[in-house]
Amino acid sequence: MKPLIVERVVKQYADKTAVNGISLEVDRGEIYGLLGANGAGKTTTMRMVLGLIFPDEGRILYNGKPYTKQQLRDIGYLPEERGLYPKVKVSEQLVYLARLKGMSAADADKSLKTWLERFGVPEYYDKRVEELSKGNQQKIQFIATIIHRPKLMILDEAFSGLDPVNVELLKSTVKELRDQGASILFSTHRMEHVEELCRNITILHRSNEVLKGSLKEIKNRFPKERVMLAADGEVSGLEELPGVLGVKRHEHAYELRIADEASGRAVLRHAMQQSDVTRFEIMEPTLNEIFIKTVGEKHE
Amino acid sequence: MNEFWTVTGFTFRNKVKGKAFLITTLILVLILSLAINLPYIISLFKSGGSDSPKTIGYASMQSDLAQSSVTPTLVGDWVKEYFDSQPAGQRKLKLEKIDGGANAASAEAALKKALTDGKISGYMLLEPSKETGFYSALFKSEKMLDNSAVDELKTALQIVKANAAGLTAEQKTLLYAPVDVKALQISTDGTAEDAGRTASQQGVNMGMVYAVLFLLFMSIMATGQVIASEVTTEKSSRIMEVLITSVSPLNSMFGKIFGMFLVGLLQIAIYVAAVLINIQIPTNREALGNLDIHLSDVSPDLLLFALLFYLTGYFLFATLYAAVGSLVSRTEDLGQAVMPLTFVSLAGFYLGIFNLANPDSMLVKVTSFIPFFSPYVMVLRVGVGHVATWEVLVSLGIMLVSIYVFGWLSAKIYRTGVLLYGKRPSIKELRKAMKAYKI
């Protein structure tokens, strides 16, 4: 039985439909990407999963069972906008939050110390949150989400506001939790994180699902239209080749947009006539491109 | 239930540990102590900063010795005797006989000299008065003496005048015994069996009612504001989103209200302790006793009902403050949002205070059954008016029902409000949201 199944949920706010028939399933040890432009219905979906609001239609099952209060204890939620008590000590408020999730105070304290150690900030135990930098508050918020060892995690923009080192730190932690069997519903605007972490994704646009499935499948569904070309010398006349739609000149390479994969061959041939080719690659579409294509097109 | 106590404990600890709590409590304790010690402190200043009575001089003149009638020297002796017969603690003046030589002129010179030497702080001259047939006194001193010294002298002379008239001791006692007039408040509706309240009991009860009304008003204002701003802060800092996924809104709201209630209770306990300790100081007990204030005069049912109405009043207002706090997204908007609640509380307080003198008016009777007002007004009626026990119980019952109704409503508003961000929602928007969230 999958830990989280969302079945065709619909949510209506007065005259506006916020979520229109979304379905998704998150397996044990899986990170599921929920993508969408601002206002696409991600937060509403997450709130329904959290049991804060109830769907008008459809249903949400946790391990095959409908929502009960008890499930709240197994859920960890990292809200998009970070929230902690600014004037309360880190140790006090995290132990408080963990106790609300049903942990004993001693257990919570131990768990907190372990995590602070892991993140290399044990000295924050006695600090007040307002004394910490934004990035470090983020770490604390992340610990608040996972301190009670939830089986289902809902992470809304987990890595925003962090420097690259800390992004890596949290990313590896998320992966580790995944490998320990946690199910994670993950939302972000950073497509490279999704590509790295998620097995399956749903892209929402104006309350509707517009793309759904495994990341691999989705990528295969989109034609490969990009060529990276690097050569020792100048390569001229690329623009005139048939099937080439555009050329971008980077510092050490050319990036070409082509009509179809077959046109790539002509490009390679043309380049080899002029110089030694050091790199030639027909690129997979990035999730970024796919996202902009599916969501952006429909904007018009 | 566990969650409830966790929230309560967290709220309580954080508030009590805060600097604000410590400082406000300390300041109020200081003010209270000062207020109680004030009568004593004033009495210290009244006697010129020292307990010893002032020394007033009068002269003995040789010209008087020869006469057998009532001479100035003799009157001076009588006055001296009068003050000497007073108990040492209450004695305000002391007379000092100065040898004045042959006649009035040399006497004044001698008195002046004694004054310059610092032996006396003033002196009294007596001259025959044609109008009264007795002496009129002239009191001379370098510094202005307070009026009480002059009054004391006046009383003393008044009394020694009787000596001059040749009255017997019995006649004097009869003449100066104070006439006793006592006022007793009785009830005529037959509900109260007690023999009525004396004026001083009435006064103490009135003071007590005043104190309870003030305490209730202050607690509701201060604690209500804190509860509302705590909720708004949690909402604006977005920790609310984490909280409501951990704890049911009902537990979170009532846990907070109860936690703040305990904080308030602790504060009040500290104040009461400060008051009691200060009253126990012997000097204060004496000073209050002189003002005819005895704590044992507070009627026990006033204390009981004051406590009950305090509790119900607090919880009724607190739930509403929490609900209002949940509707506001930014702390800056909070003041405006809680204004209506503050006005209602203020109205109840004024109804109580302005009707201290006429606790049996129709307005008071009606409003003592209206929730929001009844915690103030019913306490007034119990304390200084006439009220049947069933009336108090009915009013209390209405309060309990209102707490249930408004608590339920507030919980619903709270549950909806904490998820609504942006501008303060109108009632219509709120109802729509409630429907949408299926709360």
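First the proteins, then the strands, lettered A, B, ... as listed; each starts at 1.
By the side chain to side chain donor-acceptor pair (under 3.5 Å) test, S207(A) pairs with no residue at all, sequence neighbours left out. Applying the ring pair (Phe, Tyr, Trp, His ring centres under 6.0 Å) test to Y62(A) and every residue at least two apart in sequence or in another chain returns nothing.
The 12-atom threshold is exceeded at CZ of R73(A), counting heavy atoms of other residues, nucleotides or ligands nearer than 6.0 Å. Within 6.0 Å of atom NZ in K175(A), more than 12 heavy atoms from other residues, nucleotides or ligands are found, so the atom counts as buried in its surroundings. Taking a 6.0 Å sphere around NZ of K110(A), one finds it holds 12 or fewer heavy atoms contributed by other residues, nucleotides or ligands.
Contacts with chain B (heavy atom to heavy atom, under 4.5 Å) involve these residues of residues 88-101 of chain A, listed by number: V88(A), E92(A), Q93(A), Y96(A), L97(A), R99(A), L100(A), K101(A).
Taken from CD1 in I53(A) to OG1 in T416(B), the straight-line distance is 11.5 Å, to the nearest 0.5 Å. Rounded to the nearest 0.5 Å, atoms OH (Y85(A)) and OG1 (T233(B)) are 9.5 Å apart.
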Taking it one step at a time, do L50(A) and E241(B) satisfy side-chain contact (heavy atoms from CB on, under 4.5 Å)? CA-CA 10 Å; L50(A) 288 165; E241(B) 295 194 23; over 6 Å; no
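Identified under the salt bridge (Lys or Arg N to Asp or Glu O under 4.0 Å) test for residues 134-144 of chain A, with sequence neighbours left out: none.
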